[in-house]
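Notes follow the structure.
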Amino acid sequence: MRFEKIKLDDVRYEAASAVDINGDGLLDIVCGEYWYEAPNWTKHKMCDVQPEGEYYDDFSDIPLDVNGDGYPDIVTGGWWGLELRWRENPKGQPIEWTVHSIAEVGSIETTRAWDIDGDGEPEIVPNTPGMPQTIFKLNRDASGRPSGSFTKWVISEGPSGHGLGFGDVNGDGRGDIILAGGWLEAPENPYGRIWTWHPEFNLGSASVPIIVHDVNGDGLADLIVGQAHDYGLHWWEQGRDASGNRVWTPHEIDMTVSQYHDMQLVDIDNDGEPELVTGKRYRAHCGNDPGEFDPIGVYYFKLNGGRFEKHVIDYGHAPDASGVGIYFWLADLNGNGRLDIIAPGKDGLYLFMNHPD
């Protein structure tokens with residue numbers, strides 16, 4: 001595989017995504033206060049984002065048409081603002097966007113969009129370490145058009161902790177929520193009741209996301225988790241003991257890198273099998289985590305039935321190399337059928353264009 005590295009901007013936001021902002025059929029890039037118009041990546045201001053030391057209060061950039069006008073808006077939130085927000089797309093015009101509050105939820109580590117109820121539409125799920133786990137469902141009118149508001153559902157009683165994942169753990173066909181200390185079992189109707197808590201493991205300072213995937217092909221869902229604020233990347237094998245109880249066995253993937261905060265399972269090399277794409281988040285705690293001053297990098301891993309094989313896309317010290325921030329994105333930006341990597345972070349905004357051999 002051959003990746004072309006392009007430094008798009010020196011901005012220091014840690015979240016980015018790709019979506020057609022202005023309806024011209026091309027994927028644009030969103031990162032923090034700005035969107036970059038394809039194909040020349042012309043920079044446009046969206047709105048002000050609250051700075052906090054080395055950080056900005058923008059830990060996700062989720063594209064979602066919130067108000068039903070046919071243009072993608074952006075859902076975001078951060079640690080200091082204590083709330084989920086959505087930025088209203090002015091129908092692709094190069095003017096500043098209006099920012100709306102969704103709800104106050106406490107400090108947000110980062111946020112994800114998953115189809116919790118299986119209706120084909122994503123729900124918004126924030127990781128709020130000090131608060132109970134919540135889900136926000138976009139409200140729609142009788143015709144199914146988004147209404148510009150959300151309904152909040154609380155599914156757990158205790159603090160969520162650091163780390164968040166989604167997938168079918170027990171094979172009942174419903175998506176469960178995975179936290180650092182266990183998993184929340186989804187009921188048939190995911191709304192209006194507390195989910196069953198299974199405190200079956202301790203994943204440490206777990207990544208967001210924690211990936212649910214049958215790594216070894218035995219028919220049981222396993223977990224892939226990075227240490228967001230320490231060294232280590234593991235997969236946790238699901239099994240059964242002699243009494244038929246569920247047990248989890250951790251296996252090391254890579255113990256040489258710290259701050260594996262974000263990761264995605266995608267087919268990056270077009271071989272029909274998923275690979276794990278991840279990297280180090282640069283200065284996740286501003287110099288206070290183990291391994292903060294180690295080289296940063298972007299990597300993909302072949303799963304090989306649990307015998308993970310590491311491949312380096314980028315490696316070195318900032319500002320010459322890149323990590324993947326807290327919320328990176330993969331998309332085919334140039335239409336060549338291969339997924340490119342959009343890697344934000346305190347080290348800058350990078351593109352890794354995925355070219356054929």
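Between Asp119 and Lys137, at least one side-chain N (NZ, or NE/NH1/NH2) sits under 4.0 Å from a carboxylate O, which counts as a salt bridge. Ion pair Arg112/Asp262 flagged as a salt bridge, since at least one NZ, NE, NH1 or NH2 atom sits closer than 4.0 Å to an Asp/Glu carboxylate oxygen. Salt bridge status for Arg85 with Asp57: present, with a side-chain N to carboxylate O gap under 4.0 Å.
Between Asp58 and Thr76, the side chains place a donor N or O and an acceptor N or O closer than 3.5 Å (distance only, hydrogens not considered). A donor and an acceptor atom, one from each side chain of Glu292 and His285, are nowhere located under 3.5 Å apart. Side-chain atoms of Tyr34 and Asp9 form no donor-acceptor pair, as typed in the model, at a separation below 3.5 Å. Under the 3.5 Å distance criterion, with hydrogens and angles disregarded, no donor-acceptor pair is assigned to the side chains of Ser205 and Asp230. With 3.5 Å as the limit, one finds no donor-acceptor pair spanning the side chains of Thr249 and Glu237. Using modelled atom types, one finds no donor on one side chain facing an acceptor on the other under 3.5 Å when comparing Thr110 with Asn127. For the residue pair Thr42/Asn40, the side-chain donor-acceptor check at 3.5 Å is not satisfied.
Note that Arg281 lies outside the cation-pi zone of Tyr55, set by a 6.0 Å cut-off to the ring centre and a 45° limit from the axis.
Distance check: Leu351 CG to Tyr36 OH gives 10.0 Å after rounding to the nearest 0.5 Å. Note: Ile326 CD1 to Asp61 CG = 11.0 Å, rounded to the nearest 0.5 Å. Here Leu179 contributes atom CG and Leu184 contributes atom CG; the two are 5.0 Å apart, rounded to the nearest 0.5 Å. Separating the NE2 atom in His251 from the CD1 atom in Ile224 is a distance of 12.0 Å, to the nearest 0.5 Å. Atom CD1 of Ile155 is separated from atom CZ of Arg193 by 11.5 Å, given to the nearest 0.5 angstrom. Separation of atoms OH (Tyr300) and CD (Glu275) is listed at 7.0 Å; rounding is to 0.5 Å.
Between Phe150 and Trp86, the ring centre distance reaches or exceeds 6.0 Å.
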- Quick one: do Asp340 and Asp332 satisfy side chain to side chain contact (heavy atoms under 4.5 Å, CB included)? Show the steps, please. CA-CA 5 Å; Asp340 309 301; Asp332 182 2; 4.0 Å; yes
- Query: Should Asn22 and Trp35 be marked as a side chain to side chain contact (heavy atoms under 4.5 Å, CB included) after you check the CA-CA gap, both sets of side-chain angles, and the distance that decides it?
  - Reply: CA-CA 10 Å; Asn22 55 3; Trp35 69 278; 4.0 Å; yes
- Would Ile108 and Phe59 count as a side chain to side chain contact (heavy atoms under 4.5 Å, CB included) if you check the C-alpha gap in whole Å, the side-chain angles of each, and the deciding distance to 0.1 Å? CA-CA 8 Å; Ile108 301 171; Phe59 283 177; 5.5 Å; no
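Using the six-membered ring where Trp is involved, Tyr299 and Tyr260 have ring planes that are perpendicular, over 60° apart on the 30 and 60° scheme. In this structure, His198 and Trp183 have parallel ring planes: the angle between them is below the 30° cut-off, well short of the 60° mark.
Heavy atoms only, all atoms of each residue included: Leu233 and Met255 are closest at N-SD, 4.2 Å. Across Ser149 and Leu138, no two heavy atoms sit closer than the pair O-CD1, 3.4 Å. A pairwise comparison of heavy atoms in Glu83 and Ser101 identifies OE1-OG, 2.8 Å as the closest pair.
Transitive grouping of hydrophobic side chains (ILVMFWY, heavy atoms separated by less than 4.5 Å) brings Val324 and Ile313 into a common cluster.
A distance-only check finds a donor-acceptor pair linking the side chain of Asn354 to the backbone of Leu339 [under 3.5 Å]. Although no hydrogens or angles enter the test, the distance criterion places no donor-acceptor pair under 3.5 Å between the side chain of Asp347 and the main chain of Tyr282.
Other residues, nucleotides and ligands place more than 12 heavy atoms under 6.0 Å from the NZ atom of Lys7.
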